[in-house]
Amino acid sequence: MLEELGFRQGQSLFLDTKSLALEQLPLISRVLNLSLEWDKALSLHGPDGTVVSVVGKGETQEAITPLREDSIPWNFKRIDQDSLRSMVRDLLPCEEGEGYLNPSPWERTLSGRSVKLAPGEVGPGKVQEELEMTEIVQTGFYNAFFHHLNPLYISSIGLRSSISIRTFMVSIQGSSSSYTLFSNRSFAVEFENGRARIDGGALVKRSTTWREAKPHRMVWDAVNQIIDLDCRPKYKVSLLRIEPSSVVPLRLRYENGKVKIDLLNLDDKPVVSTLYLPARITSAFVTDPRDMSGESIDPEFDRVKVPMRRWGLLSVSLEVKRLLEALLKKKIISA
């Protein structure tokens with residue numbers, strides 16, 4: 001999930017223009033065990049509370065990331081589809097035929113349609129999604145606030161009447177409404193005189209506020225399309241549901257009854273995240289990737305609750321067993 005940033009495990013890094021613009025540089029540094037150097041000696045504080053030392057000249061000063069303002073195009077990676085299909089085969093009765101899986105662990109509205117899928121919905125048949133790209137948006141805003149996706153963070157830019165950035169997701173917030181632009185490909189957007197010009201096009205959603213739109217979920221959905229199954233699920237159930245809305249999965253691996261999932265909390269407040277599965281969770285273990293410390297958590301039959309710090313990253317390992325069919329029927333999604 002951090003490979004595309006170009007950093008190597010254990011690397012000595014002199015802070016350049018890109019790294020200076022990373023809000024989550026302290027977190028990334030701890031996860032990858034980076035040694036940081038710069039012109040000045042710093043005690044560098046990240047939004048999740050992680051603090052790292054930066055070797056440099058002079059007396060050590062306290063600093064808050066980012067050290068410069070910029071947009072760094074970054075996006076979520078596609079969740080491993082083979083792992084999700086294996087979970088369906090191992091945990092759910094599946095007959096000959098075809099089916100679909102909503103990989104999003106939250107309710108999903110299909111683009112261009114009024115159809116809604118339940119979190120992690122698995123069902124029979126096929127579901128098609130139509131993407132409607134837009135290249136120009138007339139907002140009616142003279143100036144606005146801008147919120148865009150940076151690595152492991154949603155960055156905010158103060159009131160501007162014009163701006164030009166490259167990103168995978170940006171929300172343009174006016175006084176009474178917001179427009180969120182997002183895509184599975186990076187795009188350049190220029191905003192001036194109330195008009196947003198999108199090079200290459202993007203999907204657009206209008207809402208009252210940018211937070212109401214949950215833009216991180218929308219760009220995650222754009223990357224993770226509906227998955228076709230080579231079997232017909234006997235019941236329509238949810239394979240995975242995650243709450244609250246600020247928590248997104250960065251990576252998921254499944255093999256032989258063991259699930260490992262990396263979670264990111266994209267909120268400036270700590271939360272208790274709950275993971276729901278159509279299975280009996282027999283054990284749960286949480287690891288902090290900053291120092292690989294961990295602890296066991298007691299599952300509550302088919303769910304587990306995980307405390308997460310603000311803007312925090314955690315890895316959750318679960319061992320699961322298939323439910324008796326009588327219990328699984330209680331999880332059927334009503335029409």
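Here, residue 1 is the first one in the sequence, and each next residue gets the next number. It should be emphasised that the depicted structure is a prediction, and the values quoted were computed from it without experimental measurement. Values reported hereafter were calculated over all heavy atoms of this structure, with side chains retained and with hydrogens, waters and symmetry mates removed.
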Worksheet item: Would you call R160 and E69 a salt bridge, taking side-chain N to carboxylate O under 4.0 Å as the test?
Response: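 Salt bridge: yes.
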Report task. Answer yes when E243 and R241 have at least one side-chain N-carboxylate O distance shorter than 4.0 Å, and no when they do not. Result ->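 Between R241 and E243 there is a salt bridge, with a charged N closer than 4.0 Å to a carboxylate O.
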Check: [X]/[Y] side-chain N/O donor and acceptor closer than 3.5 Å:
X	Y	result
S315	T287	no
W106	D221	yes
N265	S246	yes

Over 12 foreign heavy atoms within 6.0 Å of CZ, R8: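 For R8, atom CZ is not crowded (no more than 12 foreign heavy atoms under 6.0 Å).
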**Q.** Residue E96 excluded, over 12 heavy atoms near CD under 6.0 Å
**A.**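 Not buried by this count: 12 neighbours or fewer within 6.0 Å.
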ask   = Do L252 and D80 come within less than 4.5 Å of each other through their side chains, counting heavy atoms only?
value =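 No. Closest side-chain heavy atoms not under 4.5 Å.
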Check: T274 and I242 side chains under 4.5 Å, non-hydrogen atoms:
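No, too far: nothing below the 4.5 Å cut-off.
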Looking at R108 and Q225, what are the two nearest heavy atoms and their distance?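 It is NH2-CA, 3.7 Å.
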What are the two closest heavy atoms between S162 and E192, and how far apart are they?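 Heavy atoms of S162 and E192 come nearest at CB-CG, 4.1 Å.
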* Is there a path of hydrophobic side-chain contacts, each under 4.5 Å between heavy atoms of I, L, V, M, F, W or Y residues, that connects V204 with L149? ->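 Per the 4.5 Å side-chain linkage, V204 and L149 are not co-clustered.
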*Treating Ile, Leu, Val, Met, Phe, Trp and Tyr as nodes and any side-chain heavy-atom pair under 4.5 angstrom as an edge, say whether L42 and F14 lie in one connected cluster.*
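Yes; F14 is reachable from L42 via cluster members.
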Open item on the list: Keeping K18 on the side-chain end and L5 on the backbone end, is there a donor-acceptor pair under 3.5 Å?
Closed with: yes
Any donor-acceptor N/O pair, T282 side chain to E319 backbone, under 3.5 Å = yes
List, one per line, each side-chain donor-acceptor pair under 3.5 Å for residues 25-35, sequence neighbours excluded.
from	atom 1	to	atom 2	distance (Å)
S29	OG	L34	O	3.4

Using the test ring pair (Phe, Tyr, Trp, His ring centres under 6.0 Å), find all partners of H147 that sit at least two apart in sequence or belong to another chain.
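In terms of ring pair (Phe, Tyr, Trp, His ring centres under 6.0 Å), with neighbours along the sequence ignored, H147 is linked to W210.
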query = Quick one: ring pair (Phe, Tyr, Trp, His ring centres under 6.0 Å) partners of F168, sequence neighbours excluded?
reply =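 Checked F168 against ring pair (Phe, Tyr, Trp, His ring centres under 6.0 Å); zero matches.
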